[in-house]
Amino acid sequence: MMSSLMITAILRRGTLLLLLWWILTEGSRDGWVMGIFAVSGALWLSLRLVAPEATRFSLTGMGAFLGFFVCNSVRGGVQVALIALQGRRALQPGTLEVQLLLSSAAPRILMAGVLGLMPGTVSVRLDGRMLLLHVIDERMPIAAEVRALETRIARMFGESL
Amino acid sequence: MIELAATILLCVGGFFYFAGTLGLLRFPDVYSRLHSLAKADNLGLGCILLGLAIQEESLAAALKLVLIWPLALTASAAVSYAIARHADALAIKPWRSREQK
């Protein structure tokens with residue numbers, strides 16, 4: 001007897017994979033037999049590698065995170081482009097050590113990765129809760145921005161800080 | 001109209017690639033170069049993909065182009081962390097400006 005957790009996982013992941021197949025074949029119907037094999041194979045593999053479990057992952061939290069991410073990665077790109085045009089005299093780099101409040105590993109790794117695309121920061125070393133950042137300009141309010149990102153990641157993963 | 005928007009997006013994308021490369025050449029150390037490469041190129045790619053996607057006639061083909069963005073972002077974030085991590089392990093000190101010293 002399949003648990004309801006398994007059934008929801010099959011439905012959700014199956015829909016996503018079908019959508020992916022549709023996108024990859026650019027909506028053509030010619031390869032649908034191949035598609036059924038590919039989607040079932042991928043679904044089976046995904047269930048084996050990442051067993052379905054009860055999570056508090058929030059879809060609205062993900063929406064908020066994605067909005068925040070897109071806005072800030074645009075801001076980060078524009079900012080660094082302007083610094084590059086001015087040359088190295090516009091740089092005032094430094095390092096910053098941040099203690100993360102996130103309690104599990106996956107959101108911390110996401111955080112370290114995403115910070116590489118946010119304005120003014122690149123992750124240098126993630127060691128447990130300690131995250132060492134390289135900042136392009138020490139005068140920027142980096143610590144506050146790091147917290148803002150952390151709050152959004154925590155909400156998406158259903159963690160309370 | 002769409003033609004014009006696409007042209008603007010492609011030019012803006014090209015500009016960000018240019019700025020990212022400029023930073024790669026001008027910035028003084030590995031850490032600051034990573035800022036320039038990861039962030040500016042990510043934005044350049046996003047603009048170019050969007051510019052190409054709005055010209056597509058089918059929705060699936062447009063989505064396929066847009067899907068390249070998160071894949072490249074994931075790779076860029078992971079690679080930039082790996083390079084910075086290794087530079088740190090080699091004890092490479094971040095460059096400081098003259099006023100900071």
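Note that the structure is predicted; figures quoted are calculated from it, not measured. Reminder, nothing fancy here: chain letters follow the sequence lines and each chain counts from 1.
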Legend entry - Minimum-distance pair of heavy atoms, taken over all atoms of Gly77(A) and Leu43(B): CA-CD2, 3.7 Å

Legend entry - Closest-packed option against chain B by number of heavy-atom pairs under 4.5 Å, given Val114(A), Leu126(A), Val70(A), Ile109(A): Leu126(A)

Inset, instruction - Sort out for me which of Pro28(B), Pro94(B), Gly23(B), Gly20(B) touches chain A most, counting heavy-atom pairs under 4.5 Å. - result: Pro28(B)

Inset, instruction - Treat each ILVMFWY residue as a node, draw an edge where side-chain heavy atoms are under 4.5 Å apart, and state whether Leu131(A) and Met156(A) are in one component. - result: yes

Legend entry - Minimal non-hydrogen separation, Ala60(B) against Gly27(A), with atom names: CB-N, 3.6 Å

Inset, instruction - Give the member of Leu115(A), Leu132(A), Ile136(A), Leu24(A) that has the highest number of heavy-atom pairs under 4.5 Å with chain B. - result: Ile136(A)

Inset, instruction - Please tell me if the side chains of Leu20(A) and Leu67(B) come closer than 4.5 Å, counting only heavy atoms from C-beta onward. - result: yes

Legend entry - Interchain contact, Leu19(A) with chain B, by part (heavy-atom threshold 4.5 Å): neither

Legend entry - Joint cluster assignment, Met62(A) & Met118(A), ILVMFWY side-chain distance < 4.5 Å: yes

Inset, instruction - Quick one: closest heavy-atom pair of Ala77(B) and Gly113(A), and the distance? - result: CB-O, 3.4 Å

Legend entry - Residue part contacting chain A, namely of Leu73(B), when any heavy atom lies under 4.5 Å: both

Inset, instruction - Identify whether Met111(A) and Val98(A) are in the same connected component of the hydrophobic contact network (ILVMFWY, side-chain heavy atoms under 4.5 Å). - result: yes

Legend entry - Per-residue contacts, residues 4-12 of chain B versus chain A, heavy atoms under 4.5 Å: none

Legend entry - Within residues 68-127 of chain A or reaching into it, pairs that qualify as ring-ring contact (aromatic ring centres under 6.0 Å, His included) - sequence neighbours excluded: none

Legend entry - Residues clustered with Leu5(A), ILVMFWY side-chain links under 4.5 angstrom: none

Legend entry - Co-membership, hydrophobic cluster, residues Met6(A) and Leu11(A), 4.5 Å side-chain: yes

Legend entry - Shared hydrophobic cluster, Val80(A) / Val135(A) (ILVMFWY, side-chain heavy atoms < 4.5 Å): yes

Inset, instruction - Can you see which heavy atom on Ala19(B) is nearest to which on Ala84(A), and at what distance? - result: O-CB, 3.4 Å

Legend entry - Which of Gly44(B), Ala61(B), Ala87(B), Ala38(B) touches chain A most, by non-hydrogen pairs under 4.5 Å: Ala61(B)

Inset, instruction - Inspect the surroundings of CE in Met130(A) and state if more than 12 heavy atoms from other residues, nucleotides or ligands are less than 6.0 Å away. - result: yes

Inset, instruction - Return the minimal non-hydrogen interatomic distance between Ala81(A) and Phe15(B), and the atom names on each side. - result: CB-CE2, 4.4 Å

Inset, instruction - Go through the atoms of Val78(A) and report whether side chain, backbone, both or neither lie under 4.5 Å from a heavy atom of chain B. - result: both

Inset, instruction - Assess whether atom CD1 of Ile2(B) is packed by more than 12 heavy atoms of other residues, nucleotides or ligands within 6.0 Å. - result: no

Counting backbone as well as side chains, what donor-acceptor pairs lie under 3.5 Å between chain B and chain A?
residue, atom, partner, partner atom, Å
Arg26(B), NH1, Ala84(A), O, 2.8
Arg26(B), NH1, Leu85(A), O, 2.6
His35(B), NE2, His134(A), O, 3.4
His35(B), NE2, His134(A), ND1, 3.0
Lys39(B), NZ, Gly116(A), O, 3.4
Lys39(B), NZ, Met118(A), O, 3.1
Lys39(B), NZ, Thr121(A), O, 2.7
Lys64(B), NZ, Leu24(A), O, 3.1
Lys64(B), NZ, Glu26(A), OE2, 3.2
Tyr81(B), OH, Leu126(A), N, 2.9
Asp88(B), OD2, Arg125(A), NE, 2.7
Asp88(B), OD2, Arg125(A), NH2, 3.3
Arg96(B), NH1, Pro93(A), O, 3.0
Arg96(B), NH1, Glu138(A), OE2, 3.1
Gln100(B), NE2, Pro93(A), O, 2.8
Gln100(B), NE2, Glu138(A), OE1, 2.9

